[in-house]
Amino acid sequence: MTESTAPQSDHRTVLLRGGDVHSPADPFATAMVVERGHVAWVGSEGAADAFASGVDEVIDLDGALVTPAFTDAHVHTTSTGLALTGLDLSGARSLADALGLVRAFVRTHPGDRVLLGHGWDATRWPEQRPPSRTELDAAAGGRPVYLPRIDVHSAVVTTALLDLVPGVTELVGYHPDAPLTGPAHHAVRSAAHGALSARQRTEAQRAALRHAASLGIGTVHECAGPDISDEDDFTGLLKLAAEQPGPRVHGYWAERISDEKGARRIRELGAIGAAGDLFVDGSLGSHTACLHEPYADAPHTGTAHLDAAAIAAHVAACTEAGLQAGFHAIGDAAVAAVVAGVRAASETVGLARVRAARHRVEHAEMLTPETIAAFAELGLTASVQPAFDAAWGGEDGMYAQRLGTERARTLNPYAALLRVGVPLAFGSDSPVTPLDPWGTVRAAAFHRTPEHRISVRAGFTAHTRGGWRAVGRDDAGTLVPGAPADYAIWRTAELVVQAPDDRVARWSTDPRSGTPGLPDLTPGAELPVCLRTVVFGQSVYVRPNE
């Protein structure tokens with residue numbers, strides 16, 4: 001990919017040509033003009049000649065693919081940055097391996113007041129258990145250490161960290177020698193993150209946004225809240241994103257409101273909704289997702305944090321105030337509570353107003369035909385993470401361990417959601433699973449349960465336009481004239497059309513269908529490499545030596 005040497009400015013006009021431009025305006029487009037931060041034209045190589053002399057810059061794509069930039073609809077930015085720069089246990093192959101990584105990290109960070117890590121998953125270890133407090137204390141040399149499980153719904157911590165949290169042993173979710181959950185976990189997480197300096201937080205946020213941009217991500221939805229981070233972290237991130245070139249950040253603050261005063265506080269924080277991880281339940285990995293029937297490997301049904309009445313009150317208050325509401329719900333009982341609560345709110349404020357608000361449900365993993373139909377009826381957006389299925393689905397995965405194979409097969413039914421018109425917005429829940437947009441689309445298209453698979457095109461749409469629709473914008477996430485010029489340039493192999501139904505795929509490759517191709521995401525195939533990411537017409541990432 002080559003380009004002219006034109007001066008950089010906010011309003012320069014750019015012609016991209018000589019590649020493939022993924023646009024519904026022209027399925028065979030090879031060129032695009034960007035002007036004043038918006039797409040001005042897409043079309044053929046021959047027509048591009050007419051623009052060449054009147055632009056400030058010409059980029060020769062040299063066969064590269066141009067697509068809308070991805071939107072990751074569920075991110076914890078500071079935690080993502082800390083995982084990138086801190087102790088990453090996601091690659092630990094055993095309990096002993098994890099403890100060795102802790103010891104090495106402690107040695108190389110002598111000045112940190114509290115040491116933070118991320119990503120352990122004991123279901124992948126031969127020992128099938130997390131470290132005991134005694135083992136972790138020994139590995140940490142008596143220092144405060146906070147290590148959340150990969151799902152961030154439980155954590156193992158050292159005694160030295162517990163000593164920084166007065167009264168923690170009296171909180172629900174405290175266990176003397178097992179991972180902390182619920183309020184006890186939230187308390188130690190708050191203490192651990194509170195020990196970070198402003199500089200450490202900002203560095204982590206910058207690292208996360210830089211990494212997102214390098215992957216062709218132009219927008220992230222920050223899912224923050226009082227049980228996850230703190231207000232300074234949230235407002236600091238929004239300020240940073242507004243002041244430096246990088247991905248856009250749309251912020252959600254997961255705090256319940258009951259009136260206009262509460263809504264005003266949400267807006268004053270800079271949030272676009274009282275949504276995101278407003279917890280109705282926990283997670284399957286930590287045995288805290290709320291189920292109708294007990295776990296297959298534990299004699300209980302998980303944890304419920306909000307009932308239908310509380311959900312209804314929040315949704316009604318948000319709808320009246322013109323805010324998005326949203327909830328974290330994974331288990332079937334939690335999803336059913338959300339549906340019951342939103343339906344009750346619609347009876348109070350009106351179904352049309354509830355649908356227009358585009359309220360969200362994060363994760364929404366254990367769905368039934370009834371709750372899927374209710375999502376469509378109530379206009380709920382399913383903000384989902386296909387990488388969860390790639391990590392934990394299948395006959396031998398964590399879902400099957402927790403639920404049994406029959407229930408596990410019902411999880412993450414993307415095809416069923418799309419069939420009834422439920423809007424999908426794809427995300428990663430990073431750092432729970434990594435920022436990896438093409439990998440996310442691959443996970444949806446090659447779901448471990450075949451009947452839940454969707455086409456690559458549908459998955460790509462959910463990870464681009466779907467994220468914009470989830471924040472109430474229907475004019476973005478696609479490369480058509482007038483849309484914001486948020487795009488990425490990719491080096492990739494031949495473009496193809498992939499769909500679960502071979503008949504659909506065959507028809508879609510026929511030129512008469514006008515279906516633009518996308519990269520081959522067959523498992524094992526090399527994923528596209530991002531060469532450049534552009535947000536509102538400004539480059540926020542350029543791959544070195546390209």
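The pair Glu135-Arg133 does not meet the salt-bridge criterion, since no charged nitrogen lies less than 4.0 angstrom from a carboxylate oxygen. Under a 4.0 Å N-O distance rule, the pair Asp227/Arg189 does not qualify as a salt bridge. In summary, Lys261 and Asp259 do not engage in a salt bridge, as defined by a charged side-chain N under 4.0 Å from a carboxylate O. The pair Arg409-Glu395 meets the salt-bridge criterion, with a side-chain N (NZ, NE, NH1 or NH2) lying under 4.0 Å from an Asp/Glu carboxylate O. For the pair Glu260 and Arg265, the salt-bridge criterion is not met [side-chain N within less than 4.0 Å of a carboxylate O].
Aromatic ring pairs are classed by plane angle as parallel below 30°, tilted from 30° to 60° and perpendicular above 60°; the pair Trp120 and Trp125 is tilted. Using bins of under 30°, 30° to 60° and over 60° for the plane-to-plane angle, the ring pair His300/His287 lands in the perpendicular bin. Phe327 and His314 have perpendicular rings, their planes meeting at more than 60° on a 0 to 90° scale where under 30° would count as parallel. Between His185 and Tyr146, the two ring planes are parallel [angle under 30°; tilted spans 30° to 60°].
Partners of Thr319 by side-chain hydrogen bond (donor to acceptor under 3.5 Å, both in side chains), not counting sequence neighbours, listed by chain and number: His359.
Applying the 6.0 Å contact sphere to CD of Gln244 captures more than 12 heavy atoms from other residues, nucleotides or ligands. The number of heavy-atom neighbours closer than 6.0 Å to CG of Asp177, taken from other residues, nucleotides and ligands shown, is above 12. The number of heavy-atom neighbours closer than 6.0 Å to CD of Glu127, taken from other residues, nucleotides and ligands shown, is above 12. By the neighbour-count criterion of 12 heavy atoms within 6.0 Å, atom CD of Gln128 is densely surrounded, having more than that number from other residues, nucleotides or ligands.
In terms of modelled atom types and a separation under 3.5 Å, the side chain of Asp97 and the main chain of Arg93 share a donor-acceptor contact.
No side-chain N or O of Thr78 forms a donor-acceptor pair with one of Arg201 less than 3.5 Å apart. A donor-acceptor contact closer than 3.5 angstrom links the side chains of Glu222 and Thr77. Asp277 and His76 share a donor-acceptor pair across their side chains, judged by distance under 3.5 Å alone.
One finds the CG atom of Asp297 at 10.0 Å from the CE atom of Met398 (value rounded to the nearest 0.5 Å).
You'll find the side chain of Thr464 stays beyond 4.5 Å of the side chain of Phe426, heavy atoms only. Asp332 places none of its side-chain heavy atoms less than 4.5 Å from the side chain of Leu367. For the pair Asp281/Thr303, no side-chain contact is recorded, criterion being any heavy-atom separation below 4.5 Å from C-beta on. By the 4.5 Å heavy-atom criterion applied to side chains, Val152 and Ser79 are not counted as neighbours. For the pair Leu89/Leu87, a side-chain contact is recorded, criterion being any heavy-atom separation below 4.5 Å from C-beta on. A 4.5 Å side-chain heavy-atom check between Arg360 and Tyr252 finds at least one atom pair inside the cut-off.
Tested against His74 for a ring pair (Phe, Tyr, Trp, His ring centres under 6.0 Å), the candidates His463, His221, His363 yield a single pass: His363.
The minimum heavy-atom distance between Trp468 and Ala476, with the atom names listed, is CD2-CB, 3.4 Å.
Side-chain rings of Phe70 and Phe460 approach one another, their centers coming within less than 6.0 Å.
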